[in-house]
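Here the structure comes first, spelled out in structure tokens, and everything after it is commentary.
So that the names make sense, note that chain A is the first sequence line, chain B the second, and so on, each numbered from 1.
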Protein chains: 2
Amino acid sequence: MFNQTEISSIRNFNRDYTKLLGILNKKVLGTPLSWTEGRVILEISFNHDKTPIEVANSLNLDKSYTSRIIKRFEKNELLTKSPSATDSRSVQLHLTSKGLALVKELDERSDQQIKDLLGNLSDLEQKKFYQAMSTIDTLLFNRK
Amino acid sequence: MFNQTEISSIRNFNRDYTKLLGILNKKVLGTPLSWTEGRVILEISFNHDKTPIEVANSLNLDKSYTSRIIKRFEKNELLTKSPSATDSRSVQLHLTSKGLALVKELDERSDQQIKDLLGNLSDLEQKKFYQAMSTIDTLLFNRK
DNA sequence: AATTATAGTGGACAAAGTCCACTATAATGC
DNA sequence: GCATTATAGTGGACTTTGTCCACTATAATT
């Protein structure tokens with residue numbers, strides 16, 4: 001098991017990474033969306049026909065809060081709702097072309113951020129970064 | 001430079017790691033402190049005699065917001081202020097024994113969280129995790 | 001000495017998030 | 001099939017968190 005120095009290093013890393021991601025995430029700015037709104041619209045874009053409750057669960061958000069965000073999106077014509085085929089309590093969410101365009105913009109900005117952040121690294125360093133990240137990804141999140 | 005698949009993987013990782021850290025960070029619960037309050041008291045504990053403005057700058061917080069948090073800490077007897085020797089506009093912050101005890105508790109909880117999170121990994125996996133994390137740490141934050 | 005910058009504070013406000021109650025429907029146990 | 005319990009979605013009311021601005025006191029600059 002890790003010793004105290006290692007634990008401290010890990011916590012240190014987590015703090016710094018939190019801070020870094022916090023800074024990156026705040027810059028969803030330039031779009032009219034808050035960070036959480038950005039997460040919500042991205043989540044909806046990942047696989048179509050998601051329901052509000054699925055969104056709320058995936059992102060650990062309060063369902064009432066999520067409901068209001070979605071309502072706002074609907075009002076701003078970023079998405080539409082349609083009745084669920086299988087559960088009439090529920091609705092399915094569909095991004096409009098306006099919503100998709102916004103997602104595209106968000107994606108492009110986020111991609112660019114990553115490039116800016118890591119662009120100064122040499123090719124070898126980038127390779128090392130990517131491998132290290134993949135290692136952690138596999139160990140923590142079981143992605144293959 | 002990274003290709004699109006790699007960029008996507010990196011963003012994916014960042015999302016998942018954000019979520020993970022978000023979950024971990026929320027659990028400062030069990031103590032009477034919010035996440036930001038936790039960051040503030042830890043920051044003060046790192047090196048004594050910090051001033052409010054230094055805390056605010058390190059954590060990217062609004063100075064007025066920071067001032068209020070510190071005021072709350074003072075009221076709850078977690079810290080005391082003393083006039084700065086070198087700048088009479090400013091004050092130096094000192095944790096009381098109560099404040100130190102709370103920091104200790106926070107530290108122990110955080111350490112335990114890391115152990116819980118990574119405890120299921122085998123020794124080899126833990127070693128790989130630690131090396132990968134250290135690699136990213138060096139590449140992103142220039143720590144040696 | 002005059003000007004400009006900075007530390008700290010508080011008022012007023014805005015944004016983000018939580019909690020509760022309610023309706024409508026589904027699922028479960030009998 | 002009927003009663004009970006659980007779940008999806010919504011809104012009201014509220015708390016927490018964070019922002020913006022203005023002000024005082026002191027420092028630094030010219």
Side-chain angles (χ1 to χ4, degrees), chain A residues 18-19 21-23 25-44 49-76 79-94, chain B residues 18-19 21-44 49-76 78-94:
Chain A
T18 299
K19 193 173 166 183
L21 291 173
I23 291 167
N25 288 331
K26 279 221 171 134
K27 295 224 181 138
V28 183
L29 228 41
T31 75
L33 300 185
S34 74
W35 179 50
T36 302
E37 286 172 336
R39 293 169 73 208
V40 168
I41 200 172
L42 281 183
E43 190 67 30
I44 295 169
D49 296 348
K50 272 219 158 172
T51 64
I53 201 76
E54 285 169 339
V55 173
N57 289 339
S58 314
L59 302 179
N60 291 311
L61 300 176
D62 181 85
K63 62 182 180 158
S64 133
Y65 185 40
T66 308
S67 169
R68 274 176 253 252
I69 290 176
I70 288 171
K71 193 181 175 189
R72 227 146 50 217
F73 284 172
E74 202 180 10
K75 190 176 169 195
N76 289 98
L79 58 74
T80 58
K81 293 173 185 168
S82 67
S84 160
T86 56
D87 184 339
S88 54
R89 288 169 305 179
S90 187
V91 295
Q92 287 174 330
L93 305 171
H94 318 278
Chain B
T18 298
K19 193 173 165 184
L21 291 173
I23 292 166
L24 293 187
N25 287 332
K26 276 214 175 140
K27 295 223 180 143
V28 182
L29 228 42
T31 76
L33 299 185
S34 72
W35 179 50
T36 303
E37 287 172 334
R39 294 168 73 209
V40 169
I41 201 172
L42 281 183
E43 189 66 30
I44 295 170
D49 295 349
K50 273 219 157 172
T51 64
I53 201 75
E54 285 169 340
V55 172
N57 290 337
S58 315
L59 302 178
N60 290 311
L61 299 177
D62 181 85
K63 62 181 180 159
S64 129
Y65 185 39
T66 308
S67 169
R68 273 176 254 251
I69 290 176
I70 288 171
K71 193 181 174 187
R72 227 145 48 216
F73 285 172
E74 203 180 8
K75 189 176 167 194
N76 289 96
L78 298 174
L79 57 75
T80 58
K81 293 174 184 168
S82 67
S84 160
T86 56
D87 184 340
S88 54
R89 290 170 304 178
S90 187
V91 296
Q92 288 175 330
L93 305 171
H94 318 277

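Atom CG of L61(A) sits about 13.5 Å away from atom NZ of K63(A), to the nearest 0.5 Å. With values rounded to the nearest 0.5 angstrom, I44(A) atom CD1 is found 11.0 Å from E54(A) atom CD. In this structure, T36(B) OG1 and N60(B) CG are separated by 11.5 Å, a value rounded to the nearest 0.5 Å.
The two atoms that bring S64(A) and D62(A) nearest to each other are N-OD2, 2.9 Å, heavy atoms only. What you find for V91(A) and P52(A) is that their closest heavy atoms are O-CD, 3.4 Å. Of all non-hydrogen atoms in S90(A) and T51(A), the two that sit nearest each other are OG-CG2, 3.3 Å.
The nearest whole Å value for the distance from the NZ atom in K50(B) to the P atom in dG8(C) is 12 Å. Counting to the nearest Å, the P atom of dA16(C) and the CZ atom of R72(A) are 7 Å from each other. If you take CD of E74(A) and C1' of dG9(D), they are 12 Å apart, rounded to a whole angstrom. If you take OH of Y65(A) and C1' of dG9(D), they are 17 Å apart, rounded to a whole angstrom. Between the CG atom of L93(B) and the P atom of dG8(C) there is a distance of 8 Å, given to the nearest Å. I53(A) places its CD1 atom 17 Å from the P atom of dT25(C), with the value rounded to the nearest Å. When rounded to the nearest whole Å, the span between CD1 of I69(A) and C1' of dA16(C) equals 9 Å. The distance from atom NZ of K63(B) to atom C1' of dT26(D) is 13 Å, rounded to the nearest whole Å.
In the set dA8(D), dT10(D), dG8(C), dG8(C) carries the atom at the smallest distance from any side-chain atom of P52(B). Of all nucleotides listed (dG8(C), dC20(D), dA8(D)), dA8(D) comes nearest to the side chain of S90(A). Set against dG11(D), dG8(C), dC20(D), the side chain of R68(A) has dG11(D) as its closest nucleotide. Closest to the side chain of K71(A), out of dG11(D), dA16(C), dG18(D), is dG11(D).
Donor-acceptor pairing under 3.5 Å, judged by distance alone, is present between the side chain of S64(B) and the base of dC20(D).
When the side-chain contact (heavy atoms from CB on, under 4.5 Å) test is applied to N57(B), the partners found at least two apart in sequence or on another chain are I53(B).
One N or O on the side chain of K19(B) and one on the backbone of S58(A) form a donor-acceptor pair closer than 3.5 Å. With N76(B) contributing its side chain and L78(B) its backbone, the two residues share no donor-acceptor pair below 3.5 Å.
A heavy atom lying under 4.0 Å from DNA chain D marks the following residues of residues 79-89 of chain A, by number: K81(A), R89(A).
Overall, the helix from dA1(C)-dT30(D) to dC30(C)-dG1(D) carries an axis bend of 40° between its ends, with five pairs at each end and the value rounded to 10°.
As judged by a 4.0 angstrom heavy-atom cut-off over every strand, T66(B) is placed among residues making no nucleic acid contact.
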